[in-house]
Amino acid sequence: MKPAFCLILSFSITASAQDVAFFESKIRPVLVKHCYECHSAESGKSKGGLVLDTRDGIRAGGETGAAVVPGEVAKSLLLAAIKHSDPDLEMPPKKPKLADSVIRDFEVWIRTGAADPRESALNTVERPPVNLAAGRQFWSYQQPVKADGNVDEFVQAKLRENGLTPSPEAEPVVLLRRLYFDLIGLPPTPEAMKAFSREKWEATVDDLLRSPRFGERWGRHWLDVARFAESNGRAVSRF
Ligand code: HEC
C-alpha cells in the first residue's frame, strides 16, 4: 500500500457519507481540473490569496474573504466567481464558463453544507471512509435464496413482458451444436451428432460439463473478462 493511502484512516468527518460522495464525484474533480493550477499547494500558487485544495483554504477564502460559506449560497464568493456574476471576478479566468450543470452542482453542494473531507494539502488523495454496513448490502454479498419455480418460467415471464414468443424447438442436431458451442466452444463430431437423440440431452450435458474442454473454454472467457494477458504487448519487438 502506498503511504498516501494510509492517510485515508486519519481524518474525521462530520458530513454524511452521501454528502462526501457528492463532493468526491461532482466537486473535487472540477476543482482539480479547473482551479488547482492557480489555487493549490501542489501548483505553489495562491492567486488572490486563495487556495482551493483544502477545506480550510476554500472556507477562509482569499483577499476578498470566504470563498465558500457552508449553507450560504449568496455569501460564497466562489459561486459568484464561477457564475461570472461579477465581470471583475470570472473563474477560471479567460476560459469558457463552467457548464450550467456543474455550477448547479456547486450550488447544491454549498446549500447542503459544503461537505469537504480534505484536511490538508498533504492528504488530497483520501477517500470517504468505507461504510461496511452499506457495502454489505451489495447484491453479490446477498445470501442466494432458491426462488419458487424453475428457470424456464422466469425466462417465459420476461419474454411475455417484452412481447416476445419463444422460437420453435430446434432440431436435435441444431440443439446439440448449440450445446457444444455453449459449453466447450467446439462443434460436435459427426459421430456425436449421429449418436445424439433428445433422450440423451441430460447425459450429454453432464458429459460436456465433465470435459476438460469445458474448463478451458470458460477459463478463457473469464480471463478475458478479467483482462488477463501473458504480456503487455511490448514483447513484440518487430514494431
Ligand atoms: C489561470 C489561473 C487561475 C485559475 C485556473 C483559476 N483562478 Fe481563481 N483567481 C486567479 C487570480 C489571478 C485571482 C485574483 C483575482 C483576479 O486577478 O481576478 C483569482 C481569484 C479567485 C477568487 C477570489 C479570491 C479573493 O478572495 O479575492 C476566487 C473565489 C477564485 N479565484 C475562484 C476560482 C475557482 C473556483 C477556480 C476554478 C473554477 C479558479 N479560481 C481558477 C487565477 C485563477
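Read the numbers this way: they start at 1 and go in the same order the structure lists the ligands and their atoms. Below, each value reflects all heavy atoms present in this structure, side chains not excepted, and no hydrogens, waters or symmetry copies. In what follows, residues are counted from 1 in the order of the sequence shown.
For S40 and E42, the side-chain atoms include no donor-acceptor pair closer than 3.5 Å.
Only the side chain of I82 comes within 4.0 Å of ligand 1, counting heavy atoms alone; its backbone N, CA, C and O stay farther away. With a 4.0 Å heavy-atom cut-off, ligand 1 is reached by the backbone of T64 and by its side chain too.
Ligand 1 does not have V30 within reach: every non-hydrogen atom of the residue lies 4.0 Å or more from it. The closest approach between A80 and ligand 1 stays at or above 4.0 Å for every heavy atom of the residue. For the pair G49 and ligand 1, no heavy-atom separation below 4.0 Å is found.
Ranking protein heavy atoms by distance to atom 28 (C) of ligand 1, first place goes to L50 CD2, 3.3 Å. From the protein, the heavy atom lying nearest to atom 11 (C) of ligand 1 is K47 CB, 3.3 Å. In this structure, the protein non-hydrogen atom closest to atom 3 (C) of ligand 1 is C38 SG, 2.6 Å. Scanning the protein heavy atoms around atom 5 (C) of ligand 1, the nearest turns out to be H34 O, 3.2 Å. Considering only non-hydrogen protein atoms, atom 16 (C) of ligand 1 sits nearest to M91 CE, 4.4 Å.
Taking backbone and side chain together, C35 holds no N, O or S atom under 2.8 Å from atom 8 (Fe) of ligand 1.
G113 and P70 make their closest contact through O-CB, 3.5 Å (heavy atoms, listed as atom of the first residue, atom of the second, distance).
Below 4.0 Å from some heavy atom of L89 lie the following atoms of ligand 1, by number and element: 20 (C), 21 (C), 22 (C), 23 (C). In the vicinity of L78, heavy-atom distances shorter than 4.0 Å reach the ligand 1 atoms 29 (C), 35 (C). Under a 4.0 Å criterion applied to the non-hydrogen atoms of L52, ligand 1 contributes the atoms 33 (C), 34 (C), 35 (C).
Residue contacts with ligand 1: E37 is placed with no nitrogen or oxygen under 3.5 Å of a nitrogen or oxygen of the ligand (distance criterion only). The shortest N or O to N or O distance between H39 and ligand 1 is under 3.5 Å.
Between the D116 side chain and the R118 main chain, a donor and an acceptor come within less than 3.5 Å of each other. Side-chain atoms of R55 do not come within 3.5 Å of backbone N or O of A115 as any donor-acceptor pair. Between the side chain of S76 and the backbone N or O of V69, at least one donor-acceptor pair lies under 3.5 Å. A donor-acceptor contact shorter than 3.5 Å is absent between the side chain of K83 and the backbone of I103. A donor-acceptor pair is defined here as one N or O able to donate and one able to accept, closer than 3.5 Å; such a pair exists between the side chain of Q142 and the backbone of Q137. Checked by atom type and distance alone, the side chain of R217 pairs as donor or acceptor with a backbone atom of F181 at under 3.5 Å.
Separating the CE atom in M91 from the CG atom in D86 is a distance of 10.0 Å, to the nearest 0.5 Å.
The aromatic rings of W218 and F214 lie tilted to each other, with the angle between the two planes from 30° to 60°.
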